[in-house]
> 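The structure's right below; bear with me while I get my questions together.
Letters A, B, ... are given to chains in the order of the sequence lines, protein chains preceding strands, and every chain is numbered from 1.
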Amino acid sequence: MKEMEKAYEPSKFEDEIYQKWIDSGFFNPDNLEGEPFSVMMPPPNVTGILHLGHALENSLMDLMVRYQRMQGKKVLLLPGTDHAAVATQAKVEGLLVKEGIEHPREELGREELLSRIRTFAEDSKATILGQIRKLGTSADWSRLRYTFDDDRNRAVNEIFKRMYDDGLIYRGTRLINWSIGAQSVLSDDELEWDEKQEPFYYIRCGNFVIGTVRPETKCANSPLVVHPEGVYVKVRFTNADGETDELILSKNLFDDKEQMENVLSALQPQSEFVVIEEKMGKELEGQTFEYETYAGSRTFTVLADEVIDMEKGAGAMTISSNHSADDYDLANRRGLDETFIQKIDFSGKMTSIAGELEGETIESARKKSVQIMKDKGLIVGEDVSYVHRVPLCYRTKTVIEPMVSNQWFVDVNKKFVLKQSKLKDIKAGQEVTLKELMQTVVRSGEVNILPDRYNKTYFEWIDNLRDWCISRQIWWGHRIPVWYRGEEVYCGVEAPQGDGWTQDEDTLDTWFSSGLWTFSTLGWPDQTEDLKLFHPTNWMQMGWEILFFWMARMILMTTYAIGEIPFSNVYIHGMLRDKDGKKFSKSAGNGIDPLEMIEQYGADALRYSLVTGCTPGNDSRFYIEKVEDARNLVNKLWNLSRFMKGNIRESALTPEISQMPQAYTLADQWVIQKLQNTITQVNTLVAEYQFTLALEKLREFTWNDVADWYLEIAKRESEGEEKSEILNVILSTLLRLWHPFMPFVTEAIWQNVYGEEQIIMVAPWPKAMSTQGNEKIENQFEIVRSVITGLRNIRGEYNIPYTVDLSVSIETEEFQVLLDSQAQVIQKLLKLQSFTIAPQIDKTDTMVSFVDTGVTVYVDLAGAVDFEKEKERIQKEIDGIEPYVIAQEKKLSNESFVSNAPEAVVNQEKEKLAKAKENLKKLKEQQESFV
RNA sequence: GCGUGCCUAGCUCAGUUGGUUAGAGCACCUCGUUUACACCGAGGGGGUCAGGGGUUCGAAUCCCUUGGCACGCACCA
């Protein structure tokens, strides 16, 4: 058996242990018995390396899985990675641009670009999988999956075809979100909204005034929309050139002089405005006029519609049906076909309708159009403080341009017949919509989201859900399985027979394939054994930021495809932030590589520091100090194990615990009882997913109870070997309880202590045994403990080193027998030569004392007593107790408390009062003795 | 505009059916090399649980309200 070194050095053990775990075969559930328990690893994107957030996620899933494995279950943790369509292509394109390939798609072509991306993805994949191993994740590598491998592609095509045949996937022309940067459409939830301050221009259009932040779009014929019920006034005034002029404004604006000032800030009228006419919007409808724009003269026809907000601007607008969601809806609703004018092309440049600004970028056209309009006197006002939110591409961070385009969608509101179902509230053959499926399984509780409050967020999102745009114009991704030949359209898992077919150019939204993750990874569409055994999965954890992207899509896909829920429990963890509470991000340069942390402090320390203090749904901060603390704890575990090992005789060293060990002393009884309590508590807390609390209990027991008290006592109580069995039970149990949280160090110790052929990973999870004990043990131990602590306190306050003996007398009647029996312990821990215990002690002037329930301890300091200090100390104690006694007496004399509170509570309070009163009385006596 | 979360010791956070004189880790102060561990041990100081109101015998915990911070959804001519 190898010596245990003085300090645990993770780097000396971790790789070797991980390899041993793999070699053992126990990562693979085929080698395990019992009830199946499955977790699908959320596949990290192959866009680079893992960050601490991934490390948190891995720690959570691995602790869950290791706990279950030790419970004797057939555990599968299936690892994998995600091709992350847009993200990866954007990443690689960015790198290529840096290398000098300015237009990767044009310059390289489809095949070459794809091959470059593939190379990058494979590199990244290798890095990521290496990181996952470093974290100690107990995943079954024989079942490694990739969202873009051949079998997953088959699953994607299969489900596409089924949805297509069910009429749930359709192709249609819609207003979509176009990412100029990614050169692709994005779904609604792939947008990020950024608050921006941009000038809001008031532009003259005939006699009307319209407002816009997008002056570059004001270059085409348009209806001029007013509110039918809105009141408009025509005002006459003398303009800057001294000419008589007229404007039509909403009455609201005209009545609000301050606002009027803003809207017409550039007009500089030379007279008052005189109202010459007042009309309703609907009365204005129909009139047509020609007016200048920055790109020449255009025709406008007044249209009355309720979309107009009379409080905004001058109560009138023109529209860009191809470049605004509201306008697009309005144009469709009112049949304004002639307004579908493409002003901006898909590369983000102005079209010929912009006249001389054709070919300009949006940004440049905006500036130039304003200049032209200013020169033409078309701008009547400008609000520079206008703040609005603009959509950005979540991957490339470039502006999203609404565009009209032909795309593929999943219809979430269409009724279809669910072919198979194991769901609680929806039976096979029933008509449902995808939206209803998503709602029902969460409402029924089949999918349980933790914490609860995310249910609300989830439902809110689904209520607002519109058809899901699934086609992308990027090349990196699952190709849409649709082929065309002339007018013919073919949708199938495989390419159609015959010549002349061309496949749709587009690829699928990455979430389309990751939505299938829980079952496509198990071999679907084949009816595999794995699918039967491991689906639905039992547990899933994810950050709230992908609740909609992923969780909702998994529910949609899984319920649709196989009529099952994807998982029964989702644990939503918060986001990991840096020490200042900022998001970790590359641009902020505050990223921390998990591998560096592992190298420095060990994987166990990293895992512990991430999981502790982390509660469901709440963000947490990452501190180096936390990792250091965790490292210290790991080392503590190592060292107490080292000590125990040295104090257990060889024949007692066994990992199996078949029976309760013989307890010889109070401390023995106490620690055994505590150990059982700890097992019970940890079990309960882990079962409730309260990892932080479980860890707190474990830490407290390990460090405070075992290391600081029990082992210190055990050293003094045992000359021989009678502690062997107890120490072995504690050691074996502690290591197993810690293993899910600190897999490496516990394995290292386990194999060192119990032999290299042993493996803690599949050791049975500890079960609490009943302690035929009395509840008094804990109280008795507390008495001993407080006598010792009290005496240490006096040593501290009087600065008496342990080399100087104390003359101690303990006055007690109630606990005389107890303290007599613990005399050795007290004496040795405090390094006393001797001390006396008696029912009655005569206090002298040279003594100081402290009290506890039923016990008063006197220390004769001879000449060393500092009376002032002593009085102060006693007074402080009295100050602590007295208000409490008063409060308790008041409480207990309160009739309604005594009659309303449960009897147990009342009794408990009475008992506490009695103790406090007794202590107070003694303290007061002592105080008097000083006077 | 609608909604959610958070505000507890100097710092970071626990505190899950309302009932311990409100906890932990770090930091701080004092002491200490006692054969597991200085990645240590012993002792100590430190909080009217954001403010106000209410329900209750009893509130950090439930309700209302004010303020601050963070976030989600919607809007975004």
Side-chain angles (χ1 to χ4, degrees), chain A residues 4 6-8 193 200 210-214 217 225 307-309 312-313 315-320 324-327 330 386-391 451 453-454 456-457 460-461 463-464 544-545 547-548 574-575 579 581 601 605 612-615 617-623 625-626 628-647 688 690 692-693 695-696 699-700 707-708 711-712 715-716 788-789 792-797 799-802 828-829 831 880-881 883-885 887-888 891 894-902 904-906 908-909 912 916:
Chain A
M4 288 175 79
K6 196 168 165 181
Y8 172 64
W193 292 85
F200 189 92
I210 59 150
T212 187
V213 266
R214 306 210 50 189
T217 63
V225 192
V307 292
I308 291 298
D309 177 358
K312 237 178 191 175
M317 69 175 187
T318 57
I319 66 171
S320 299
S324 152
D326 286 346
D327 297 357
L330 173 71
Y386 185 75
V387 174
H388 69 150
R389 299 193 328 148
V390 293
R453 66 184 132 97
Y454 281 104
K456 198 168 180 172
T457 318
E460 193 179 68
W461 183 78
D463 289 342
N464 287 312
W544 47 257
E545 71 276 7
L547 202 74
F548 306 137
M575 236 172 34
K579 64 183 170 48
Y601 300 102
T612 189
C614 154
T615 44
N618 296 332
D619 292 352
S620 52
R621 297 190 192 191
F622 183 83
Y623 277 87
E625 288 86 343
K626 259 192 199 168
E628 274 173 9
D629 172 56
R631 186 261 329 256
N632 296 353
L633 174 62
V634 169
N635 191 243
K636 191 75 189 178
L637 194 61
W638 174 265
N639 265 296
L640 69 85
S641 302
R642 182 159 83 109
F643 173 77
M644 286 203 230
K645 179 189 167 194
N647 285 273
E688 291 169 354
Q690 306 216 52
T692 295
L693 285 179
L695 284 172
E696 210 174 292
R699 181 195 172 104
E700 192 183 293
D708 291 344
L711 292 185
E712 290 307 315
K715 277 181 200 168
R716 276 119 188 141
I788 294 167
T789 305
R792 281 172 174 167
N793 189 355
I794 286 180
R795 268 206 202 276
E797 292 208 2
N799 253 327
I800 308 165
Y802 278 83
K828 286 185 174 171
L829 279 179
K831 294 192 180 276
I881 292 185
Y884 176 68
V885 170
Q888 282 302 92
K891 189 189 252 185
N894 183 340
E895 184 51 39
S896 38
F897 171 70
V898 179
S899 54
N900 284 325
V905 173
V906 176
Q908 194 186 319
E909 297 300 306
K912 284 192 285 188

> Phosphate oxygens OP1/OP2 of rA77(B): is one of them under 4.0 Å from a side-chain N or O of K312(A)?
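For rA77(B), OP1/OP2 do not have a side-chain N/O of K312(A) under 4.0 Å.
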> Without swapping roles, check the side chain of N464(A) against the backbone of E460(A) for a donor-acceptor pair under 3.5 Å.
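Here the side-chain-to-backbone pair exists.
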> Roughly how far apart, to the nearest Å, are rC71(B) and rC13(B) at atom P?
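Straight-line distance between the two P atoms is 15 Å.
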> Check whether K636(A) reaches the backbone of R699(A) with its side chain - one donor and one acceptor, N or O, closer than 3.5 Å.
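Checked: no pair found.
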> N894(A) CG to rU56(B) C1': how many Å, rounded?
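From N894(A) CG to rU56(B) C1': 11 Å.
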> Is there a donor and acceptor pair, one atom on the side chain of Q690(A) and one on the base of rA14(B), closer than 3.5 Å?
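For Q690(A), whose side chain was compared with the base of rA14(B), there is no donor-acceptor pair (under 3.5 Å).
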> Could you tell me how far apart R792(A) (CZ) and rG41(B) (C1') are, to the nearest whole angstrom?
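Rounded to the whole Å, the gap is 9 Å.
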> Take G880(A) and A707(A), find for each the nucleotide of RNA chain B with the closest heavy atom, and name the residue whose nucleotide sits nearer the 5' end.
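The answer here is G880(A).
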> Under 4.0 Å, counting only non-hydrogen atoms across every strand here, what does S324(A) touch: a base, just sugar-phosphate, or nothing?
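S324(A): no heavy atom of the nucleic acid under 4.0 Å.
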> Please state the C1' separation for the pair rC11(B) and rU55(B) - nearest whole angstrom.
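Looking at atom C1' only, rC11(B) and rU55(B) are 35 Å apart.
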> Just call it for P902(A): base, sugar-phosphate, or nothing, with non-hydrogen atoms closer than 4.0 Å on any strand.
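Answer is base: heavy atoms of P902(A) come under 4.0 Å of a base.
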> Is the base of rU16(B) touched by the side chain of E688(A) through a donor-acceptor pair closer than 3.5 angstrom?
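By the distance-only test, no, there is no pair.
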> Once the angle between the rings of W461(A) and F548(A) is folded into 0 to 90°, is it parallel (under 30°), tilted (30 to 60°) or perpendicular (over 60°)?
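Plane angle under 30°, so parallel.
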> Without decimals, in angstroms, what is the distance between E460(A) CD and rU4(B) C1'?
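Rounding to the nearest Å, CD of E460(A) and C1' of rU4(B) are 9 Å apart.
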> D326(A) CG to rA77(B) C1': how many Å, rounded?
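About 8 Å, once rounded to whole Å.
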> Looking at N647(A), does any N or O in its side chain come under 4.0 Å of the phosphate oxygens OP1/OP2 on rA36(B)?
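Looking at the OP1 and OP2 atoms of rA36(B), neither is under 4.0 Å from any side-chain N or O of N647(A).
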> Both distances under 3.5 Å, Watson-Crick or G-U wobble: report the partner of rU16(B), or none.
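Base partner found: none.
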> Let me know the distance between CG of L633(A) and P of rC37(B), rounded to the nearest Å.
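For the pair L633(A) CG and rC37(B) P, the rounded distance is 17 Å.
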> Is any side-chain N or O of K636(A) closer than 4.0 Å to OP1 or OP2 of rG41(B)?
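Looking at the OP1 and OP2 atoms of rG41(B), one of them is under 4.0 Å from a side-chain N or O of K636(A).
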> Taking N and O atoms by type only, does the side chain of K6(A) place a donor or acceptor under 3.5 Å from a partner on the base of rA36(B)?
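Counting by modelled atom types and ignoring angles, no donor-acceptor contact under 3.5 Å is found here.
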> How many Å lie between CG on D708(A) and C1' on rC37(B), as a whole number?
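Value for this atom pair: 11 Å.
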> Would you kindly give the CD-to-P distance between E696(A) and rU12(B), to the nearest whole Å?
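Roughly 18 Å, once rounded to whole Å.
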> Apply the test side chain to side chain contact (heavy atoms under 4.5 Å, CB included) to residues W544(A) and D619(A): give CA-CA distance (whole Å), side-chain angles for both, the deciding distance (0.1 Å), then the verdict.
CA-CA 10 Å; W544(A) 47 257; D619(A) 292 352; 3.3 Å; yes
> State whether Y884(A) and K912(A) meet the cation-pi test: NZ (Lys) or CZ (Arg) under 6.0 Å from the six-membered ring centroid, and within 45° of the perpendicular axis.
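So K912(A) doesn't make the cation-pi contact.
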> Between rA22(B) atom C1' and Y884(A) atom OH, what is the distance in whole Å?
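Rounding to the nearest Å, OH of Y884(A) and C1' of rA22(B) are 13 Å apart.
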